[in-house]
2 protein chains.
Amino acid sequence: MQFSFRLPVATHILLCIERFKDEYKTTSTFLASSVNVNPVIIRKTLGQLKAAGLVEVAAGVGGAKLTKSPADITLWDVFQAVEEDEELFHFQENPNPKCPVGRNIHVVLGDRLEEVRQHMLADFQKVTLADLLASIAAKEAAE
Amino acid sequence: MQFSFRLPVATHILLCIERFKDEYKTTSTFLASSVNVNPVIIRKTLGQLKAAGLVEVAAGVGGAKLTKSPADITLWDVFQAVEEDEELFHFQENPNPKCPVGRNIHVVLGDRLEEVRQHMLADFQKVTLADLLASIAAKEAAE
DNA sequence: ATTGTTGTAACATATTATATTACATCAATT
DNA sequence: AATTGATGTAATATAATATGTTACAACAAT
C-alpha cells in the first residue's frame, strides 16, 4: 500500500512557485520540468490547489503564485487539497451480522484506526511550506 | 487513497480465531462466512499471518490458532504481516537535478513523511488483539 | 491576429486489489 | 488403502485507480 505521489508532487509545485517567484514565470511547463512529469499532471494538480484556495493561476498569460504566506500553508492543507476526503482505511462492506465479531468489528477497529488517522493529520499540520523552504535553502547553502 | 482492507480482514480473522477457539474449528470456510469474503482470500491472508509467526494452521485436518496470547499481538504485527514493507509515500523518481527544489525535495520532504509513518506504526503498536476482544465482548454484553 | 498559456476531455497504459475456479497435497478417520 | 474435508497455490478475470499523453477550445497580453 502506498499513497499516490500527489502529495509530494503538489508540495514540489508549491515550493517551486515560491522559490522561483522572482526569477521565472512559474508556468505548468516550467514546473513540469522540475518535477519531471507531464505538464497536464501539473495543471490538474494546480487546479486542485486552486480549488483549495492555496494558489491563483493567471489565465491566458500563465504562471501561478501562492495566495498566502508559506508559513501559513501546511502539509495538511496540501494533503486535503489533493487527496479524496475518504476513509483512510476501509472495511469489508458486509461482514456477517450473525457473528459477534462480524457485526462489531467495524466500530471497534474503526475507532482505533480513526485515531491513527487523526494523529497523521496532526503531524501534517505541524509542517509548513516555510519549514521545507528553509530546509531546502540550507541544503543549497551547503552545496 | 486508501489502505487495502487487508489489515481489517487480517484483524477480523485473528479475532475470530480467538473468539471461537473453544466452539468451532476455525477453517478458512468458517472464517470466510464471518468476514464475508472468498475462502481463498482467507487462506492467502492466513498464509501471511503464518509466515509472520502469528498463527499456525493445521495442514490436512484444518483450523487455525494463535501462536501467542492476544495481549502480545498488536496491530503493528498484523500490519507488518499483510502489508508490503515499502515506503508509505512515494516520490516522482527523477526530479530535475538542476533544480534546487528538484534535487532536494526527496530528502527534505521524505524526512518529514518518515516521521509521520513512524508515528502511525507507534499507534498501531499500542493496540493489542486483547484490547479489541475486550471491546467486542463489551458490545456483546450490552446487546 | 498572433502567441503562449490554461483548463479539460478523451484515451491509453500499468498497477493493484479482489474474486473465483481448479486442483494437487495433506492428515485423520473409517 | 480409500475416503473425507481441509490447505496451499496457480491461473485467470474483473474492477478500480494512478499516471501519461494527445488534442483542442478558451483566454489574455502583445
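Here is the naming used below: chain letters follow the sequence lines, and residue numbers restart at 1 for every chain.
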Taking B/S33's backbone N and O only, do any of them form a donor-acceptor pair with A/N96's side chain (distance below 3.5 Å, no angle check)?
yes

Is the closest side-chain heavy-atom distance between A/I41 and A/F5 below 4.5 Å?
no

Work out which heavy atom in A/P8 is nearest to a heavy atom in B/L109; give both atom names and the distance.
CA-CD2, 3.8 Å

Between B/I41 (CD1) and C/dT21 (C1'), how many Å, whole number?
13 Å

Let me know the distance between CZ of B/R43 and P of C/dA19, rounded to the nearest Å.
14 Å

Return the residues of residues 10-28 of chain B meeting this criterion: a heavy atom under 4.0 Å from some atom of DNA chain C. Order them by number, or give none.
none

Between P on D/dG20 and CD on B/E93, what's the gap in Å once rounded to a whole number?
11 Å

Quick check for you: among C/dT18, D/dG8, C/dT20, whose closest atom lies nearest to any side-chain atom of B/N38?
C/dT20

Could you check whether any side-chain N or O of B/T67 sits under 3.5 Å from a backbone N or O of B/E56, counting only pairs where one atom can act as donor and the other as acceptor?
no

To the nearest Å, how far apart are B/F91 CZ and D/dT19 P?
13 Å

Looking only at D/dT9, D/dT19, C/dA19, the nucleotide nearest the A/R6 side chain is D/dT19

Given D/dT7, C/dT21, C/dG7, the nucleotide with the shortest approach to the side chain of A/K50:
C/dG7

Heavy atoms under 4.0 Å, any strand shown: does A/G62 hit a base, just sugar-phosphate, or nothing?
sugar-phosphate

If you find the nucleotide of DNA chain C closest to A/G60 and the one closest to A/G47, which residue's nucleotide is nearer the 5' end?
A/G60

Minimum-distance nucleotide to B/K44 side chain [options: D/dA18, D/dT22, C/dT20]:
C/dT20

Check the orientation of B/F91 and B/H106. Use parallel for under 30°, tilted for 30 to 60°, and perpendicular for over 60°.
parallel

Would B/L133 end up clustered with B/V78 when hydrophobic side chains under 4.5 Å apart are linked, directly or stepwise?
yes

With heavy atoms under 4.0 Å as the rule, sort A/V57 into base, sugar-phosphate or nothing.
sugar-phosphate

